[in-house]
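Here, residue 1 is the first one in the sequence, and each next residue gets the next number. Whatever order the structure lists them in is the order used to number ligands and atoms, beginning at 1.
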Amino acid sequence: MTTTLVLGGTGKTGRRVAQRLQARGVPVRIGTPSASPPFDWTDQVSWAPALEGVGSVYVTYYPDLAVPGAAEAVGAFAELAAARGARRLVLLSGRGEEGALRGEQAVRASGADWTIVRSAFMAQNFSESFFLEPVRAGEVAFPAGEDLAEPFIDADDIADVAVAALTEDGHVGQVYEVTGPRLLGWAQAVAEIAAAAGHPIRYLSVSLEEYASLLVENQVPADYVKMLTEVFAEVLDGRNAYLTDGVQRALDRPPRDFADYARAAAATGIWDAR
Ligand SMILES: NC(=O)c1ccc[n+]([C@@H]2O[C@H](COP(=O)([O-])OP(=O)(O)OC[C@H]3O[C@@H](n4cnc5c(N)ncnc54)[C@H](OP(=O)(O)O)[C@@H]3O)[C@@H](O)[C@H]2O)c1
């Protein structure tokens, strides 16, 4: 059995994909800058050693497929992977982003057997990423109108779809656009987290400029602030406010609901108030 390289294998979806593959007895190599051998998107020299003996790759680009140069890097990696014998590539992509579409195109052009998992906004951004501290502190500020609808998806569902595509027949050439089963306004999502966490959390809809200032105040590096504000300026206009059937199509089961995610995350104590 060949090894599966999981890029971002310690991240929100990569960690879950690696765990599921290992549980199935699939040999896994984690692809991150601190892994051995290391894999770094910014250091092309690291790519070939990470691909040694690899038959399939779960491709997650860091920090985001929307950043300039992302599609070119993903394309160069996909070509190298295919040339080195990695037949199957499963790409984690985002909805409604020009850069993500270019990244998808680059993987499709690589000559490998590809599957695209085009994901909605992950619920785990509230518990494993940039919303965790605001949730704990009781106020989430974001440049999305209170009622802007988003079908938040559980990273466990993304991982299940990715693992199916990596290990089973019938997923090659598929674009799975994956969302949760319910559209939620941003204020509603935060209210459901507050109910599960058992302490009040306010949602504050702010302008992009106010959001950028808040990030700077919180010592977020300037290039990361620029990246985030550009991505959010592009996608937070209602274009993603619809449900899709990607999870059902890939797994023959419905996606998990946001309330179930919130209950499970709260039970770990991750959102206990500071
Ligand atoms: N978050 C969402 O809601 C969402 C939705 C749709 C699509 N996406 C797409 O998903 C992709 C991943 O985003 P994410 O938010 O889910 O992040 P993530 O996978 O949680 O990101 C963290 C992972 O990236 C690794 N990493 C950090 N710097 C790296 C580098 N220079 N080279 C290689 N790996 C590096 C980290 O390794 P360490 O542990 O060593 O730091 C960690 O494994 C992005 O391309 C994004 O466009 C995200």
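A donor-acceptor contact closer than 3.5 angstrom links the side chains of Glu177 and Tyr242.
Glu128 has no carboxylate O lying under 4.0 Å from a charged side-chain N of Lys12, or vice versa, which leaves the two without a salt bridge. Classification of Arg87 and Asp113 as a salt-bridged pair holds, one side-chain N sitting under 4.0 Å from a carboxylate O. Here Lys226 does not pair with Asp223 in a salt bridge; the nearest charged N to carboxylate O distance is not below 4.0 Å.
Taking the six-membered ring for Trp, Phe131 and Trp271 have ring centres at least 6.0 Å apart.
Taking CZ from Arg263 and CG from Asp260, the interatomic distance works out to 4.5 Å, rounded to the nearest 0.5 Å.
The contact shell of ligand 1, taken as protein residues with any non-hydrogen atom closer than 4.0 angstrom, comprises Gly8, Gly9, Thr10, Gly11, Lys12, Thr32, Pro33, Ser34, Phe39, Asp40, Trp41, Tyr61, Tyr62, Pro63, Asp64, Leu65, Leu92, Ser93, Gly94, Ser119, Ala120, Phe121, Met122, Asn125.
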